[in-house]
Every structure is written in C-alpha cells, then in structure tokens.
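Keep in mind that what you see is a predicted model, and the values were worked out from it rather than measured. Just the heavy atoms: all of them, side chains too, but no hydrogens, waters or symmetry mates, feed the values below.
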Amino acid sequence: MDDEFDITSVCDAGGETVLAVSGEVDVATGELLHRRLAQVLAHRRDLVVDLSGVTFFDCSGLRVLMAARRRAALAGVGLRLRGLSPSVEKVLRFTRLRSVFTVEPDPDSCVRTLPARPERRPPGGPGFAHSA
C-alpha cells in the first residue's frame, strides 16, 4: 500500500539526523512520529525531517511538528523540514505556520520544478517594431 506510514532514519557525518517520513501522518500515526522525533532530539542532534513522501497530513501532524520545533529550541539544536509534499505544504500555508519552520527544498525538486526559460530576443531583432 502506497500510503503505509514509515520513518527511515539516516545519520550523516555532519552530526545531523535525517528522518524521511512517508505515507499518512494523521491521528493514527502522529504519536509514532512524535516519539521518534523526541528520541532524536533527546540526543541533542540537529534534525532534518524529510516530508517529501507524505501523502496525507492533517492537524495531528502539525501538532507533532510544532512540538518538535519547541523541543528542538529548548535543546538548542536545529530542526529543518525538507521537501514538503503538497499535503504538508497546504496545511502549513493554510495555518500560516510555514514561516515558523526552516524549510529546505527537496534536493531533487530543482530538476522537477524549474520552469523552462522563455526564449529572449534582443531589442531590435526579428519581430520587433520601433514606433516613431
């Protein structure tokens, strides 16, 4: 099932932990995410939460992120969100709480979302008419 909840943890050499969250973050899974975030933050490691794989996100997930933000501030460690899925982005924007988090783009999003650059013609080139 594509919406099965999962958390994958990766520690990098820079001393931060990256948690990749996928599936639905709701009242049924929010407590699992809350406990995992608290566990990482208790070790006083900077934390990056990759939300690019989240397929559903509601106020339960928002509550978990806000609690993690507070816990990180109290512990003096960094908390960043990475790769907001459309469902996460929608909730954060609707509640006007996106700005309270440090958000990184999904590393792959540069390739997927950059629009094609329109062709620019220099003034005076073909198709350019001067008015006198």
About how many Å separate CG of L97 and CG of L65, when rounded to the nearest 0.5 Å?
10.0 Å
Let me confirm one number: the CG-CD1 distance from L32 to I7, rounded to the nearest 0.5 Å.
6.5 Å
Which of these passes side-chain contact (heavy atoms from CB on, under 4.5 Å) with V88: V21, V25, L51?
L51
In Å, rounded to the nearest 0.5 Å, how long is the span from CG of L47 to CZ of R71?
11.5 Å
Least distance between heavy atoms, S85 atom then S52 atom
CB-O, 3.9 Å
Partner set under side-chain hydrogen bond (donor to acceptor under 3.5 Å, both in side chains) for S9, not counting sequence neighbours
R36
Going by the rule side-chain contact (heavy atoms from CB on, under 4.5 Å), which residues pair with D6 if we only count those two or more places apart in sequence or in a different chain?
T8, S22
In this structure, OG1 of T29 is separated from CG of D58 (nearest 0.5 Å) by 8.0 Å
Determine whether F5 and L62 fall in the same hydrophobic cluster, where Ile, Leu, Val, Met, Phe, Trp and Tyr are linked whenever their side-chain heavy atoms lie under 4.5 Å apart.
yes
Would you mind listing every salt bridge (charged side-chain N to carboxylate O under 4.0 Å, His left out) that reaches into residues 91-104, with sequence neighbours excluded?
R80-E104, R82-E104, E89-R93, E89-R98
Atom pair CG (L81) and CG (L19), whose distance is rounded to the nearest 0.5 Å
11.5 Å
Are L92 and L79 joined in one hydrophobic group, where the rule is that I, L, V, M, F, W and Y side chains link up if heavy atoms are under 4.5 Å apart?
yes
The side-chain contact (heavy atoms from CB on, under 4.5 Å) partners of A75 (sequence neighbours excluded) come to R44, V77
Suppose we screen for side-chain contact (heavy atoms from CB on, under 4.5 Å). Which residues come up paired with V64, at least two apart in sequence or across chains?
L33, H34, L37
Considering only residues two or more places apart or on different chains, which pairs with a residue in residues 61-70 satisfy side-chain hydrogen bond (donor to acceptor under 3.5 Å, both in side chains)?
none
Which value, rounded to the nearest 0.5 Å, describes the distance between F101 atom CZ and L84 atom CG?
9.5 Å
Answer with yes or no whether the hydrophobic clustering places F56 together with M66; edges join I, L, V, M, F, W, Y residues whose side-chain heavy atoms lie under 4.5 Å apart.
no
